[in-house]
Q: 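I'd like to ask some things about the structure below.
Labels below follow one simple rule: chain letters A, B, ... track the order of the sequence lines, proteins then strands, and each chain is numbered from 1. Hydrogens, waters and symmetry mates are skipped; everything else that's a heavy atom, side chains included, is used.
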Amino acid sequence: MPVNPDLQGRTYPPTVPVRVTAERIAEFAAAVGASDPSARIAPPTFAIVVQQAALDALLEDPTTGFEIRNVVHGEQRFAHTRPIVAGDELTGTMTVTSIRTLGANAMLTAETVIADSAGATVATATSMLLVGGES
Amino acid sequence: MSALAVGDVIAQRDVHLTRASLLAYADASGDQNPIHQDDEVAVAVGLPGVIAHGMLTMGLAVQPVVDWVASLRLEQTRPLSERSESKGAPPPESGPRITDYGVRFTRMVVVDADAGADVRIVAKVGALDGAAGTARIDLAVTSGDETVLGKAQVVVSGLDAEAE
């Protein structure tokens with residue numbers, strides 16, 4: 001089954017809110033080798049925690065035409081309106097912004113808009129996935 | 001900001017990764033994919049062995065820039081006796097801060113069960129915009145002789161804009 005081209009433009013429902021605690025920031029910061037894991041500001045890649053939840057909806061979608069074991073992470077980007085800090089409650093809303101098919105394979109770009117509890121955008125996380133379709 | 005020039009190395013770091021590093025990252029991030037923990041699974045999907053999470057490599061590669069930015073934030077704090085992030089530093093949404101970070105995953109980092117893996121990060125000033133108060137920091141991220149992250153670029157905003 002090839003990658004479903006109708007995915008392009010599809011927006012998935014927002015994730016359940018992710019509560020950002022000082023402990024969670026500290027654990028993540030220590031895992032990426034931060035010099036000061038007790039810093040108030042989350043590491044620049046912390047937003048992956050929210051994006052991962054958003055991406056799960058895509059990877060579990062039975063209509064995509066691909067399976068998670070055939071997905072390779074090609075590129076990643078985080079654009080921050082403001083840093084993530086302890087006390088934030090964040091939701092991610094993911095949209096498949098582009099699909100380029102190459103035979104049974106595809107390059108899929110997914111953009112996750114990460115918003116705080118007031119609805120203000122905190123960051124946009126963009127992933128490019130290389131997807132191998134089933135032949 | 002006027003002290004910075006394109007090409008300046010602002011930070012450099014060597015990081016040693018072990019299987020324990022991968023386990024810690026799996027727990028912190030929630031990415032429990034067994035290709036980052038179990039050699040049998042990794043080999044079964046065609047990998048040479050357990051590999052580091054690309055997002056772990058991305059996350060640790062930016063840390064030298066995080067430290068550099070933290071030092072710039074403290075420099076904005078006066079007086080010297082109050083130089084701590086909790087006291088006088090600017091609020092997180094202002095002052096020097098990382099506003100953009102992107103990478104291309106060009107090569108996997110295989111983490112041997114015994115020897116681990118070594119990653120070298122060199123952070124250089126790639127571009128400066130004095131009027132906007134931004135700097136683009138380019139990261140060279142290698143393991144052995146191989147580049148593992150391509151086009152790894154960090155944008156730092158909130159630098160003192162130059163009077164032009």
Side-chain angles (χ1 to χ4, degrees), chain A residues 18 22-53 55-56 59 67-88 116 120 122-130 132, chain B residues 13 15-17 20-31 33 35 41 44-46 53-67 69-71 73 85-86 89 91-94 97-106 108 119 121 149-157:
Chain A
V18 173
E23 292 73 23
R24 199 152 183 193
I25 290 177
E27 186 189 13
F28 191 94
V32 293
S35 307
D36 178 15
S38 67
R40 282 175 64 205
I41 300 171
T45 60
F46 183 85
I48 194 67
V49 173
V50 183
Q51 189 205 264
Q52 184 69 48
L55 217 49
D56 284 346
L59 299 173
E67 290 183 54
I68 185 168
R69 62 190 166 89
N70 295 322
V71 175
V72 173
H73 202 173
E75 294 175 20
Q76 180 67 38
R77 184 175 163 211
F78 300 98
H80 275 88
T81 310
R82 67 161 173 86
I84 293 172
V85 293
D88 277 336
D116 61 21
V122 174
T124 302
T126 309
S127 283
M128 193 276 281
L129 306 176
L130 301 163
Chain B
R13 188 176 294 176
V15 180
H16 183 67
L17 287 178
S21 321
L22 306 192
L23 210 57
Y25 185 77
D27 289 339
S29 69
D31 183 347
N33 189 329
I35 62 168
V41 176
V45 299
H53 306 73
M55 285 306 306
L56 169 56
T57 309
M58 182 181 185
L60 61 87
V62 75
Q63 288 303 319
V65 185
V66 169
D67 287 352
V69 169
S71 70
R73 294 175 66 79
E85 185 72 24
S86 59
E93 66 279 9
S94 67
R97 61 200 186 279
I98 292 171
T99 48
D100 202 296
Y101 177 34
V103 307
R104 212 172 266 173
F105 300 102
T106 51
M108 297 168 290
V119 176
I121 304 141
L149 295 179
K151 216 164 181 283
Q153 298 182 339
V154 189
V155 176
V156 177
S157 301

Q: Just give me the residue among A:Q52, A:E27, A:R24, A:M128 that pairs up with chain B most often, heavy atom to heavy atom, under 4.5 Å.
A: A:E27

Q: Are any of the side-chain heavy atoms of B:K151 and A:E75 separated by less than 4.5 Å?
A: no

Q: List the atom of A:T45, the atom of B:G59, and the distance in Å for their closest heavy-atom pair.
A: OG1-CA, 3.6 Å

Q: Using non-hydrogen atoms and a 4.5 Å limit, figure out which bit of B:V62 sits close to chain A: side chain, backbone, both or neither.
A: side chain

Q: Within the 4.5 Å heavy-atom criterion, are A:I48 and B:H53 side-chain neighbours or not?
A: no

Q: Side chains of A:R77 and B:D100: closer than 4.5 Å at any heavy-atom pair?
A: yes

Q: If I compare all heavy atoms of B:Q63 with all of A:V32, which pair ends up nearest, and what's the gap?
A: CG-O, 3.2 Å

Q: Could you tell me which non-hydrogen atom of A:H80 sits nearest to which non-hydrogen atom of B:I98, and how far apart they are?
A: CB-O, 4.2 Å

Q: Can you name the nearest heavy-atom pair linking A:Q76 to B:F105, along with the distance?
A: CB-CE1, 3.8 Å

Q: Looking at A:P43, A:A30, A:P44, A:A53, which has the largest count of heavy-atom pairs under 4.5 Å with chain B?
A: A:P44

Q: Under 4.5 Å heavy-atom distance to chain A, tell me which part of B:V103 shows up: side chain, backbone, both or neither.
A: both

Q: Under 4.5 Å, counting heavy-atom pairs only, tell me which of B:R13, B:M55, B:Q153 racks up the most with chain A.
A: B:M55

Q: Under 3.5 Å, which donor-acceptor pairs do the side chains of residues 22-29 of chain B form with other protein atoms, sequence neighbours left out?
A:
residue	atom	partner	partner atom	Å
B:D27	OD1	B:Q32	NE2	2.9
B:S29	OG	B:Y25	O	2.8
B:S29	OG	B:D31	N	3.1

